[in-house]
Amino acid sequence: MGGLYLGIDVGTGGVRACAIDPQAGIRGFASIALPAPRVDGNAIDQTPELWWQAAIAAIRKLGETVPLGDVTRIVVDGTSGTLLLVDAAGRPCSPGLMYNDARATHEAARVAAIAPLESGAHGASSALAKLLYLQNDGYVGDARHAVHQADWIAGRLANHHGISDENNALKLGYDPVARAWPSWLDQLGVRDDLLPEVLVPGTPFSEMDPQIARSLGLPATAHVAAGTTDGVAAFIATRADQPGDAVTSLGTTLVVKQLATQPIFAADQGVYSHRLGERWLAGGASNSGGAALLLHFTADEMERLTPQVEPDAPTGLDYYPLPKPGERFPIADPGLAARITPRPAEDCRFFQGLLEGIASVEALAYRQLARLGAPRLRRVIGIGGGAKNDAWTRIRHRVLGVPVSVAEQTEASYGAALLALNGGPP
Ligand code: ADP
């Protein structure tokens, strides 16, 4: 069977488009930068039209190297928590309040008083706090739908608005366990006619708008399917697809995500789960990670010290590296102090001790997810700046006791394209 599958990632810095074939092979990528959003204190917003212009420009650019006439399905992912109001025709009635917009502090306090602890709608940058803000600020007028960034781009491609997915809807208060909008939203005065219809990510919901299809060189018979968030799309891109498969991000912080067969929530530790069909993507973030390394070594120094690291000869230093006091997961302790003494005389020993310490935090994080109900860890795929360090990968393999690899792909647009190919989660 032929056909191409298109993933569009509306990310923080730009829009990226990816086309794959039925074997999940990448046929092409194209990207278009987005300007920085407007920042005014806690308020961070952008004109949604800019996302649309970048999205169609990325598709056109992809069309220079890929036969777009073969596309059969399209999935869009976007930044999680980015929200706007649109009218019945999909025209914006508000600015796009960006994922990191935190102006809705008053509304967040109202949500906190009513929403269950495990709801994804907590916090001033949640989509729910933003919706209440927009309702109170008089933006409703002609508004018919509250939609996320990805929903809106997919909605425009299809000329069919008011559709979201179980991942984007999490921060708007959607209950992924009950698969419903919860009744406590009424107590907050949420206008339930604005709430989008929520589908499983990857579910086709409409053919393309014929005019837009023609202008982009896409077939009008191509289907637009429900999307996901950029974070979930990036997870899918790593090809982790079995319960027990995990992805560790070794960036500024240490973030672990694991595919589970049941939802896992521990609000006090910031552990929550996205629904992926009948599976769950559980995740938690530790403050340990790359920032704790950068306190002691520059990236160049790390590069220089790495050949001297001896992964098979553990230092026994038993560190818990943190950039500053305080930890949430896998240990919930706002006052937890870093443990990085004694410091050996040789820099390479100290560096190895830090790498081993972060690997131990990673192992503890997976043990904690297992205690909360995650399946037995099967394999770990690494992403982020630290994942490329081979010596660290070998240390992590020893400490974690399962195969550890580096992700071949981390592009969210590729994850979105995989959703399009599968017509649902992996
Ligand atoms: P983020 O996207 O969170 O800013 P990155 O994924 O770009 O982070 O990773 C940056 C981190 O990678 C830095 O905090 C740094 O400590 C870490 N890092 C850079 N080089 C190395 C290295 N050679 N070995 C281990 N960690 C490294």
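We number each residue from 1, following the sequence as shown. Numbering of ligands and ligand atoms starts at 1, following listing order.
- Residues satisfying the side-chain contact (heavy atoms from CB on, under 4.5 Å) test with Arg110, not counting sequence neighbours, are His106, Leu132, Asn136, Leu188.
- Interatomic distance, Arg379 CZ to Leu377 CG, rounded to the nearest 0.5 Å: 11.0 Å.
- Distance check: Arg38 CZ to Asp45 CG gives 4.0 Å after rounding to the nearest 0.5 Å.
- Here the OG1 atom belonging to Thr253 is positioned 12.5 Å from the CZ atom belonging to Arg328, to the nearest 0.5 angstrom.
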Q.
As a quick check of understanding, evaluate salt bridge (charged side-chain N to carboxylate O under 4.0 Å, His left out) for Glu303 and Lys388, giving each step before the final call.
A. CA-CA 10 Å; Glu303 195 105 357; Lys388 293 177 218 90; over 6 Å; no
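- Contact annotation for Ser249 and ligand 1: no heavy atom of the residue comes within less than 4.0 Å of the ligand.
- Heavy-atom proximity to Ala291, at under 4.0 Å, picks out these atoms of ligand 1: 14 (O).
- For ligand 1, the atoms closer than 4.0 angstrom to any heavy atom of Trp392 are 25 (C), 26 (N).
- In terms of protein heavy-atom proximity, atom 16 (O) of ligand 1 is nearest to Gly290 O, 2.9 Å.
- Taking each of Pro323, Ala299, Gly386, Gly384 in turn, the one with a heavy atom nearest to atom 20 (N) of ligand 1 proves to be Ala299.
- With a 4.0 Å cut-off on non-hydrogen atoms, Leu293 touches ligand 1 through its side chain and not its backbone.
- Within the 4.0 angstrom cut-off, atom 1 (P) of ligand 1 has one or more protein heavy-atom neighbours.
- When the options Leu250, Thr252, Val309 are ranked by their closest heavy atom to atom 4 (O) of ligand 1, first place goes to Thr252.
- The protein heavy-atom contact nearest to atom 6 (O) of ligand 1 is Gly385 N, 2.8 Å.
- Close N/O approach between Thr306 and ligand 1 is not found [any backbone or side-chain N/O within under 3.5 Å].
- If you check each of Arg304, Met302, Glu301 against atom 23 (N) of ligand 1, the one with the closest non-hydrogen atom is Met302.
- His296 pairs by the side-chain contact (heavy atoms from CB on, under 4.5 Å) definition with Ile340, Arg343, Phe350, Leu354, not counting sequence neighbours.
- Less than 4.0 angstrom separates some heavy atom of Asn389 from each of these atoms of ligand 1: 22 (C), 23 (N), 24 (N), 25 (C).
- To the nearest 0.5 Å, the span separating CG on Asn422 from CZ on Arg73 amounts to 8.5 Å.
- A heavy-atom distance below 4.5 Å is found between the side chains of Ile59 and Leu157.
- The protein heavy atom nearest to atom 13 (C) of ligand 1 is Leu294 CD1, 3.8 Å.
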Q: Go through the steps to decide whether Lys130 and Glu107 satisfy the test salt bridge (charged side-chain N to carboxylate O under 4.0 Å, His left out), and finish with yes or no.
A: CA-CA 8 Å; Lys130 287 170 185 151; Glu107 291 77 7; over 6 Å; no
